[in-house]
Amino acid sequence: ALAALRHLPRERGLPAFREDLLVLGDEQTAVRAPCAELLCGAGAPREVREALVGWLQEALADLERAGGAERDARAVALACLAGLARDMDGEVLQVIAIVAEATAELDPVVAKRALALLAGADDAASTLVDWLGPERPTRLRTEAAIGLAARGHAPAAAVLAETYPLCDVV
């Protein structure tokens with residue numbers, strides 16, 4: 001039955017299964033990523049947001065314990081970020097900014113995704129500007145620069161011209 005989770009649609013939340021998915025995700029960390037994906041509908045109630053933030057915190061702790069090498073924790077973190085990003089407000093922007101900071105060295109894939117989500121938010125430009133400095137990892141500077149340059153931010157365009165050729169392009 002749990003294998004069937006991968007076949008359910010991710011485009012919108014599944015309110016009929018919300019309570020079951022919350023319980024399942026709380027009880028079985030191995031299926032948290034698909035549970036988070038299925039809980040990701042826009043306008044999710046506060047209890048879903050709180051669960052995603054809690055699971056995200058646990059995933060970051062798992063990543064830290066494993067030195068960034070925990071693939072399941074990465075999958076949960078990415079799924080929770082995606083779920084939170086569907087309902088962006090100041091609180092979510094703050095959580096995503098914290099995730100970017102916490103994972104910059106630990107798991108750049110998660111940090112890069114967090115920055116890409118911030119780039120899609122009108123209220124996150126000042127946070128992204130903080131990522132343009134030369135002390136930041138090149139890949140993450142580039143991600144922040146992409147988001148800002150798309151909005152006409154000239155300094156970001158200069159950073160992008162400098163850093164983009166140095167990044168892996170996949």
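For the numbers below, each heavy atom of this structure counts, side chains included, while hydrogens, waters and symmetry mates do not. Residue numbers start at 1 and run along the sequence shown. In this text the structure is predicted, and so the values were computed from the model without any measurement.
Pro137 pairs by the side chain to side chain contact (heavy atoms under 4.5 Å, CB included) definition with Glu105, Leu140, not counting sequence neighbours. In this structure, the side chain to side chain contact (heavy atoms under 4.5 Å, CB included) partners of Thr138, at least two apart in sequence or on a different chain, are Thr142, Thr163, Leu166, Cys167. The salt bridge (Lys or Arg N to Asp or Glu O under 4.0 Å) test applied to Glu47 returns no partner, not counting sequence neighbours.
Within the 4.5 Å cutoff, side-chain heavy atoms of Gln57 are placed close to those of Val53.
The heavy-atom pair separating Ala149 from Ala156 by the smallest distance is N-CB, 3.7 Å.
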Run Phe17 and Leu39 through side-chain contact (heavy atoms from CB on, under 4.5 Å) and show every step you take.
CA-CA 9 Å; Phe17 300 107; Leu39 286 165; over 6 Å; no
Starting from the C-alpha separation in whole Å, work towards a yes-or-no answer on side-chain contact (heavy atoms from CB on, under 4.5 Å) for Leu52 and Arg86.
CA-CA 12 Å; Leu52 293 175; Arg86 294 220 180 153; over 6 Å; no
When you look at Val76 and Thr29, which way does the side-chain contact (heavy atoms from CB on, under 4.5 Å) test go after all the steps?
CA-CA 9 Å; Val76 170; Thr29 57; over 6 Å; no
Using distance only, find each side-chain donor-acceptor pair of residues 113-135 under 3.5 Å and give its atom names and separation, not counting sequence neighbours.
residue, atom, partner, partner atom, Å
Asp122, OD1, Arg151, NH1, 3.1

Residues 94-103, side-chain donor-acceptor partners within the protein, below 3.5 Å, at least two apart:
residue, atom, partner, partner atom, Å
Glu101, OE1, Arg136, NH1, 3.2
Glu101, OE2, Arg136, NH1, 3.3
Glu101, OE2, Arg136, NH2, 2.8
Thr103, OG1, Val99, O, 2.7
Thr103, OG1, Ala111, N, 3.2

Scan the side chains in residues 59-73 for donor-acceptor partners under 3.5 Å anywhere in the protein, sequence neighbours excluded, and list what turns up.
residue, atom, partner, partner atom, Å
Asp62, OD1, Arg65, NH2, 2.3
Glu70, OE2, Asp72, N, 3.3

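Atoms CZ and CD, from Arg49 and Glu91 in turn, are 5.0 Å apart once rounded to the nearest 0.5 Å. In this structure, CD in Glu50 is found 12.5 Å from CH2 in Trp55, a value given to the nearest 0.5 Å. The line from CZ of Arg32 to SG of Cys80 is 8.0 Å long, rounded to the nearest 0.5 Å.
Under the 4.5 Å side-chain heavy-atom criterion for ILVMFWY residues, a single connected hydrophobic cluster contains both Leu84 and Val109.
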